[in-house]
Amino acid sequence: MRSALETPVRVRFAPSPTGYPHLGNIRTALFNWLFARHHGGKFILRIEDTDSARKVEGTVEAIMESLQWLGLNWDEGPYFQSQRLAIYHEITRSLLEKRHVYLCYCSPQRLETMRQEQARRKQPPKYDRHCRDLTEEERSRLETTGVSSVVRFKMPLEGETTFCDLIHGSVTFRHDTLDDFILLKSDGYPTYHLANVIDDHLMAVSHVLRADEWLSSVPRHVLLYRALDWQPPQFAHLPIILGPDRTRLSKRHGATAITEYQRQGYLPDAMTNFLALLGWSLDDRTELLSRDELTKHFSLERVGKTAAVFNRDKLDWMNGVYLRQLSLDEFVQQAMPFLDRDLPESVKRPLDKSFVSGVLSLIQERARTLAEVPQLTSFFFADELQYDARLLLGGKLETKPAVQAITAASKRLAEVEAWDAAVLEAILRPLASELGLSTGKLFGLLRVAVTGCTAAPPLFQTMAVLGREKCLQRLNTAVEVLSAHSD
RNA sequence: GGCGCAUUCGUCUAGGGGUUUAGGACACCUCCCUCUCAAGGAGGAGAUCACGGGUUCGAAUCCCGUAUGCGCCA
């Protein structure tokens, strides 16, 4: 067996453009990238687009965009398998010459009835090798009729193949449980097995890190490498990521496309950190790791074997941690596009940067995603607040004392010279006792009057950012709301 | 149907025969801080380590079955 040190590390991320990349795909990409960076190797991007029927428009772009968003830069590629058909054909020809493969002329109908028969007899579906030993005459007769053919691999009839997976250890498959799988389809396109093996070899891929579901295909691949006289790469099959219902991730689980997480306001670094911990861990306590720390410590030995359920709550928590770690300027820069996108249309654009900065300083530690920012701050930008009078009273106050309290506060605030949080507090705190109200009641009342919400950033800081004019105006409105309300 | 892989708190995980009364994180609960919400701090609850057999003085850790889940083969 080759050791990782002998050959330069070259890994690849090889998605099919059949759908937008989701968490599972990207996690595979991340592990490949981390492995490459850890070993100072190369990370290759290869698009396995040989199944034209399932190709989905725009996915190649989405794949590249997703990788770029997460900072998973590739060193080579993208290579496209659809542009390498001549290579696959040539190598298939050499396999034919060496009799490792054969042409199969069986019609889809024949195969279908065969399968049904096998299913009826509860036998494993397996090609019956009808064309494996055709005589030359039979073959040329079929050729002249112009029937289409596929190329199948001659699976050894006995024996077994054992290989060592870097994560699972030694795995063995008996040949008689495997069938003569197809290498080249009748339309001339290679199957995954053929194209994948050829490309990995030609691109000098040293380690194949891919999802667990390919584990059962490895014996086929190993046998193919042998037939071609090539040295197989090292394999590492990664545990898959499951949805909350313990089934594989799919469109049913909502935001599957990784770009959707970008839209929902997750930071690339948080996403990377979170994904890295799905199937890998550093030790028994470290949860937060920077990109550099991840590449420094990443190793296949610490990759687990069991499928992991994606836990949105933990992602949210982690994103909040990363959001709080940002400097205010960085936070403003990150949040600005979300404000632009989601604040009501009535709010004038462009937004004033210094006002936004003041606003955001108050909610940075309260937001878990950037997409929450507009909701958390919309009252700062609104012209008029919408709320019910009962919200002001909070079930604790009568209308009259409430009106008195607001009026008294307004009066004092109108006279304040310096409009900042400390001064406001120095004015309003004593007012509570003067009015015979608890600070909780007074501040709660003012909070609703000024923000329209019962939960908001600290009152004095909020008022300081909002500015005197807007605060007084809103207190006024609150009095009107209360007056119109009878209890 | 055959083959393969997996199985530790709800979830992510630590754990490679004795240091384990199974550790950490998210979520949950309580308390502290406090003008609300967060953040932060302190604590709590939560896993007979899927089950059953072995091996061993001793097993979550090794072996064998069973079950369940997932995957591959069409």
Side-chain angles (χ1 to χ4, degrees), chain A residues 108 111-112 114-116 118-127 155 160-161 163 165 167-169 171-182 192-193 211-220 237-248 273-288 301-321 323-324 362-368 372 376 391 394 424-425 428-429 432 437-448 450-451 453-463:
Chain A
L111 294 175
E112 187 48 40
M114 182 190 76
R115 265 178 228 125
Q116 279 170 6
Q118 285 164 340
R120 200 178 57 75
R121 294 210 302 239
K122 305 217 167 184
Q123 287 176 338
K126 222 166 101 178
Y127 177 57
M155 183 57 63
E160 56 186 32
T161 290
F163 59 93
D165 184 272
I167 290 167
H168 291 280
V171 182
T172 301
F173 286 83
R174 282 170 43 190
H175 297 330
D176 60 15
T177 64
L178 270 17
D179 79 348
D180 292 355
F181 60 101
I182 298 175
Y192 172 86
H193 305 300
D212 245 354
E213 64 212 65
W214 296 108
L215 189 63
S216 337
S217 302
V218 176
R220 281 182 269 275
H237 288 84
L238 276 15
I240 52 172
I241 298 178
L242 270 20
D245 57 358
R246 292 211 140 265
T247 64
R248 321 184 63 202
N273 191 159
F274 175 77
L275 249 23
L277 259 21
L278 241 35
W280 176 86
S281 64
L282 174 61
D283 54 30
D284 61 341
R285 52 197 66 248
T286 312
E287 302 278 341
L288 268 10
E301 288 85 71
R302 296 207 58 87
V303 173
K305 299 178 184 178
T306 70
V309 173
F310 167 59
N311 180 194
R312 182 66 162 254
D313 276 338
K314 188 155 182 174
L315 206 213
D316 283 349
W317 163 77
M318 193 171 277
N319 201 59
V321 172
L323 245 26
R324 274 173 254 129
L362 299 183
I363 61 103
Q364 183 169 4
E365 69 177 28
R366 276 162 253 267
R368 286 152 75 88
E372 285 175 359
L376 288 169
L391 200 64
L424 295 172
E425 178 161 14
L428 293 174
R429 202 169 276 283
L437 291 172
S438 68
T439 50
K441 276 184 188 167
L442 204 226
F443 298 165
L445 171 67
L446 296 177
R447 171 174 298 106
V448 175
V450 162
T451 69
C453 316
T454 53
L459 181 61
F460 313 118
Q461 294 172 48
T462 301
M463 291 175 71

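Throughout, a chain's letter reflects where its sequence line sits, starting with A, and its residues are numbered from 1. Keep in mind it's a predicted model, so treat the numbers as computed, not measured.
- Using Watson-Crick or G-U wobble geometry with both donor-acceptor distances under 3.5 Å, B/A67 finds its partner in B/U7.
- Within 4.0 Å (heavy atoms only), A/Phe460 reaches at least one base atom of the nucleic acid.
- In this model, the phosphate group of B/A6 is approached by a side-chain N or O of A/His168 to a distance below 4.0 Å at OP1 or OP2.
- Listed candidates were B/C35, B/U11, B/A27. Nearest to the side chain of A/Asn311 is B/U11.
- Remark: A/Arg246 is not in phosphate contact with B/C70, judged by side-chain N or O atoms under 4.0 Å from OP1 or OP2.
- A/Ser438 comes within 4.0 angstrom of no nucleic acid atom, judged by non-hydrogen atoms across all strands.
- Shown here, B/A60 forms no base pair; nothing in the strands shown gives a Watson-Crick or G-U wobble contact with both key distances under 3.5 Å.
- Taking the P atom of each, B/U66 and B/G4 are spaced 12 Å apart, rounded to whole Å.
- Under the Watson-Crick or G-U wobble criterion, with both distances below 3.5 Å, B/U48 has no partner in any strand shown.
- B/U56 and B/C64 have their C1' atoms separated by 16 Å, given to the nearest Å.
- Residue A/Arg447 has no polar side-chain atom (N or O) positioned under 4.0 Å from OP1 or OP2 of B/U34.
- Within the 4.0 angstrom heavy-atom criterion, base atoms lie near A/Thr454.
- Residue A/Trp317 places its side chain closer to B/A27 than to any other of B/C73, B/C37, B/A27.
- Distance A/Tyr192 OH to B/C73 P: 11 Å, rounded to the nearest Å.
- You'll find the side chain of A/His168 reaches within 4.5 Å of the side chain of A/Asp212, heavy atoms only.
- Among the heavy atoms of the strands, none lies under 4.0 Å from A/Gly320.
- Distance noted for atom P between B/U11 and B/A50: 13 Å (whole Å).
- Here B/C26 is the nucleotide among B/C3, B/C26, B/C5 with the atom lying nearest to any side-chain atom of A/Asp313.
- A/Pro219 comes within 4.0 angstrom of no nucleic acid atom, judged by non-hydrogen atoms across all strands.
- If you measure from atom CD of A/Gln118 to atom P of B/G1, you get 15 Å, rounded to the nearest angstrom.
- Look at the C1' atom in both B/U34 and B/C26: the space between them is 25 Å, to the nearest Å.
- Nucleotide B/G40: paired with B/C32 (Watson-Crick or G-U wobble, both distances less than 3.5 Å).
- When heavy atoms are screened at a 4.0 angstrom cut-off, A/Ile240 is found touching the sugar-phosphate backbone but no base atom.
- Between B/C35 and B/C28, the two C1' atoms lie 26 Å apart (nearest whole Å).
- Under 4.0 angstrom from either OP1 or OP2 of B/A6 there lies at least one side-chain N or O belonging to A/Lys305.
- The shortest side-chain heavy-atom distance between A/Arg368 and A/Asn319 does not fall under the 4.5 Å cut-off.
- For A/Phe173, counting side-chain heavy atoms from C-beta on, the closest listed nucleotide (B/C5, B/C37, B/C3) is B/C3.
- For A/Arg120 and B/A74, the CZ to C1' distance is 17 Å, given to the nearest whole Å.
- Separation of the C1' atoms belonging to B/U8 and B/U20 is 13 Å when rounded to the nearest angstrom.
- Residues A/Pro239 and A/Thr306 are not in side-chain contact: their nearest non-hydrogen atoms beyond the backbone lie 4.5 Å or more apart.
- Going from atom CG of A/Asn273 over to atom P of B/U13 covers 14 Å, rounded to whole Å.
- For the side chain to side chain donor-acceptor pair (under 3.5 Å) criterion with A/Gln116, the lone passing option out of A/Arg120, A/Glu112, A/Gln118 is A/Glu112.
- Between A/Phe460 and A/Phe443, the ring-plane angle classifies as perpendicular under the 30° and 60° cut-offs.
- Mapping A/Ala456 and A/Leu178 onto RNA chain B via the closest heavy atom, the residue that lands nearer the 5' end is A/Leu178.
- Among the protein residues, A/Arg174 comes within range of no part of the nucleic acid, since none of its heavy atoms lies under 4.0 Å from any strand.
- Here the side chains of A/Leu215 and A/Phe163 are in contact, with some heavy-atom distance below 4.5 Å.
- Put simply, A/Thr306 has no side-chain N or O that comes within less than 4.0 Å of OP1 or OP2 on B/U7.
- Counting non-hydrogen atoms under 4.0 angstrom, A/Arg302 reaches the backbone sugars and phosphates but no base.
- Nearest to the side chain of A/Ser216, among B/C72, B/C3, B/U11, sits B/C72.
- Atom name C1', nucleotides B/C70 and B/U30: the rounded distance is 40 Å, in whole Å.
- Distance CD (A/Gln461) to C1' (B/A39): 13 Å, rounded to an integer number of Å.
- Within the nucleic acid shown, A/Glu287 comes within 4.0 Å of at least one base atom, counting heavy atoms only.
- Look at CG on A/Leu288: it is 17 Å from P on B/U13, rounded to the nearest Å.
- Taking the six-membered ring where the residue is Trp, A/Phe181 and A/His193 present perpendicular rings, their angle passing 60° and hence far from 30°.
- Each of A/Arg220 and A/Trp280 was matched to the nucleotide of RNA chain B holding its nearest heavy atom; the match closer to the 5' end belongs to A/Trp280.
- Inter-residue side-chain proximity for A/Phe173 and A/Val218 is flagged as unmet; no heavy-atom pair is nearer than 4.5 Å.
- Nearest to the side chain of A/Phe443, among B/C12, B/C35, B/G1, sits B/C35.
- Both distances falling under 3.5 Å, in either a Watson-Crick or a G-U wobble arrangement, place B/G1 opposite B/C73.
- Summarising the geometry, the separation between CG on A/Asp283 and P on B/C12 is reported as 18 Å, rounded to the nearest angstrom.
- Counting heavy atoms from C-beta on, the side chains of A/Ile167 and A/His237 never come closer than 4.5 Å.
- Among the atoms of the strands shown, base atoms are found under 4.0 Å from some heavy atom of A/Leu459.
- At a threshold of 4.5 Å between non-hydrogen side-chain atoms, the residues A/Met463 and A/Leu428 count as touching.
- For the C1' atoms, the distance from B/A42 to B/A47 is 24 Å, rounded to whole Å.
- Out of B/C72, B/U13, B/G1, the shortest distance to the side chain of A/Pro124 is found at B/G1.
- B/C5 atom P lies 16 Å from atom CD of A/Glu213, rounded to whole Å.
- Contact annotation for A/Arg285: backbone-only contact, meaning every heavy-atom pair under 4.0 Å involves sugar-phosphate atoms and none involves a base.
- Candidate nucleotides B/U13, B/C35, B/C72 were compared by shortest atom distance to the side chain of A/Ala308, and B/U13 ranks first.
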